[in-house]
Amino acid sequence: MQQRIFSGVQPTGNIHIGNYLGAFRNWVKLQDEYDAIYCIVDLHAMTTDYDPGELEKTRIETAKVLLALGVDPDRSLLYTQSQVPGHAELAWILSTMTPMGVLNRMTQFKEKTAAGASSNLGLYSYPVLMAADILLHRANLVPVGDDQRQHIEVTRDLAERFNNKFGDVFPIPEAHVPERSARVMSLTDPHAKMSKSDPQPKSRVLLLDESDVIRKRIRSAVTDSDPEVRYDTAAKPGISNLLEIMSACTGSPIDSLVDEYAAGGYGRFKDAVADAVIAELAPAKERFVALENGDVRDVLREGGMRANEMAETYQSEVRAAVGLKAF
Ligand code: AMP
Ligand code: TRP
């Protein structure tokens, strides 16, 4: 049988090149080789303070960005998590098998609460809902950026616990993380990852930014005072980050970029990085503008119905396994 991939994105706005280079690019690539399911995880987006009207808007915008990047509803299933109740149901079942010690180790929870998020129960149990997303669809492979590895480990652990206790229901999924650009760093602090929630807009390049904004952001990226372009993540994290971004956008190996830009100064190099990013994003930006919100809604409605049918079939197997068979 064809292997299945599943991945999710939070509809929280500010979709940036880290999301694209770390994850979405693979989503588009892998939809030809796998049975692909992609989910806008709106239930996850409720774990931090949000505005309902804004969530409504960003759900559509996120789907639109994915479609513009090349996620193709004829080849992949694209839907919103809240349309499929099986996610929350399976999360509950898995939560009864999740030791609190496991959740206490989660770095994303620690980082988010340290950054000021209120520590509600949903944010704490976020990885359990994520495990449910993946296992609900019996996924084998999960294309994500490096920051999600720990959550995939929890998912594998929960799948194994469940299978040991109730029989062989879930495949054990694996993370699929790109070799390069799995962790795109912030442009204002190359020691922190680029993030949607960073209060500084200068820290990221958004997929929908205008070309002149992209150039400005990259020109003002924090680097160092030694003018040699060289890949060295410890001594030159800012330049190394730009080299990774450029390599990912052009397909040129880092070594050849270093050969080309080693001398000549940071100004010339940064302009070349900006050119590469602008060129890489241009086709998706054009497609984004051409997409109608009504069509995006149709894709999500259809996708949600199909995903729900599939999930119901799978969930009846789970219910039977745990002693909750329908009468
Ligand atoms: P999120 O925005 O947290 O919903 O993330 C959507 C996808 O983008 C996930 O697969 C993340 O791992 C990935 N991602 C988020 N930030 C970065 C980053 N700075 N570098 C690489 N991948 C990222
Ligand atoms: N936690 C992921 C993130 O913040 C989003 C997500 C939710 C996800 N459920 C998922 C990713 C299932 C992959 C698979 O980026």
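Each ligand, and each atom within it, is numbered from 1 in the order the structure gives.
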Show me which atoms of ligand 2 lie under 4.0 Å from any heavy atom of [X].
X: I134; value: 12 (C), 14 (C)
X: V144; value: 11 (C), 13 (C)
X: F6; value: 12 (C), 14 (C)
X: Q10; value: 4 (O)
X: V142; value: 13 (C), 14 (C)
X: V41; value: 7 (C), 9 (N)

Minimum-distance protein heavy atom relative to [atom]:
atom: atom 15 (O) of ligand 2; answer: Q148 NE2, 3.4 Å
atom: atom 9 (N) of ligand 2; answer: D133 OD2, 2.7 Å
atom: atom 16 (N) of ligand 1; answer: H16 CE1, 3.5 Å
atom: atom 10 (C) of ligand 2; answer: M130 CG, 3.5 Å

Regarding R204 and the six-membered ring of Y20, is the cationic atom NZ or CZ under 6.0 Å from the ring centre and inside 45° of its axis?
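Judged by the rule (NZ or CZ under 6.0 Å from the ring centre, within 45° of its axis), R204 is not positioned above Y20.
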N/O to N/O below 3.5 Å, does that happen between [X] and ligand 1?
X: G18; result: yes
X: D147; result: yes
X: V144; result: no
X: G8; result: no

Look only at interatomic distance and state if Q108 has a nitrogen or oxygen under 3.5 Å from any nitrogen or oxygen of ligand 2.
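No, there is no polar N/O contact under 3.5 Å.
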Regarding ligand 2, does Y126 bring an N or O atom to under 3.5 Å of one of the ligand's N or O atoms?
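Indeed, backbone or side chain, Y126 has an N or O that close.
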Ignoring hydrogens and geometry beyond distance, is a side-chain donor-acceptor pair present between [X] and [Y] at under 3.5 Å?
X: N308; Y: Y79; answer: no
X: E244; Y: S181; answer: no
X: D255; Y: Y231; answer: no
X: Q108; Y: Q148; answer: yes

Atoms of ligand 1 close to [X] [distance to a heavy atom under 4.0 angstrom, numbered from 1]:
X: K196; result: 1 (P), 2 (O), 4 (O)
X: Q10; result: 4 (O)
X: Q148; result: 12 (O)
X: A182; result: 20 (N), 21 (C), 22 (N)

For ligand 2, does D147 get within less than 4.0 Å through its side chain, its backbone, both, or neither, judged by non-hydrogen atoms?
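It is neither; nothing of D147 touches ligand 2.
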Should one rank V184, I152, N19, T12 by closest heavy-atom distance to atom 6 (C) of ligand 1, which comes out on top?
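When every heavy atom of V184, I152, N19, T12 is considered, N19 comes closest to atom 6 (C) of ligand 1.
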Identity of the nearest option to atom 7 (C) of ligand 1, non-hydrogen atoms only, from G22, A23, A45:
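The residue whose heavy atom sits nearest atom 7 (C) of ligand 1 is A23.
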For V299 and D295, run side-chain contact (heavy atoms from CB on, under 4.5 Å): C-alpha distance rounded to whole Å, both residues' side-chain angles, the deciding distance at 0.1 Å, then the answer.
CA-CA 6 Å; V299 168; D295 295 336; 5.7 Å; no
To the nearest 0.5 Å, tell me how far [X] [atom1] sits from [Y] [atom2].
X: R138; Y: I37; atom1: CZ; atom2: CD1; value: 11.0 Å
X: K270; Y: L187; atom1: NZ; atom2: CG; value: 9.0 Å
X: R217; Y: L206; atom1: CZ; atom2: CG; value: 7.0 Å
X: T12; Y: R59; atom1: OG1; atom2: CZ; value: 13.5 Å

Are any side-chain N or O atoms of K196 and backbone N or O atoms of Q10, one a donor and one an acceptor, separated by less than 3.5 Å?
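Between the backbone of Q10 and the side chain of K196 there is a qualifying donor-acceptor contact (under 3.5 Å).
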Count the heavy atoms of every other residue, nucleotide or ligand shown that sit under 6.0 Å from NZ of K285, and state whether that count exceeds 12.
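Correct, the count exceeds 12.
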Should the heavy atoms of other residues, nucleotides or ligands under 6.0 Å from CD of E33 be counted, would the total exceed 12?
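Yes, CD of E33 has more than 12 neighbouring heavy atoms, counting only those of other groups under 6.0 Å.
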Is there a side-chain contact between R215 and D271, using heavy atoms and a 4.5 Å cut-off?
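In short, these two side chains touch, coming nearer than 4.5 Å.
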Region of R183 engaging ligand 1 - heavy atom pairs below 4.0 Å
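Answer for R183: backbone.
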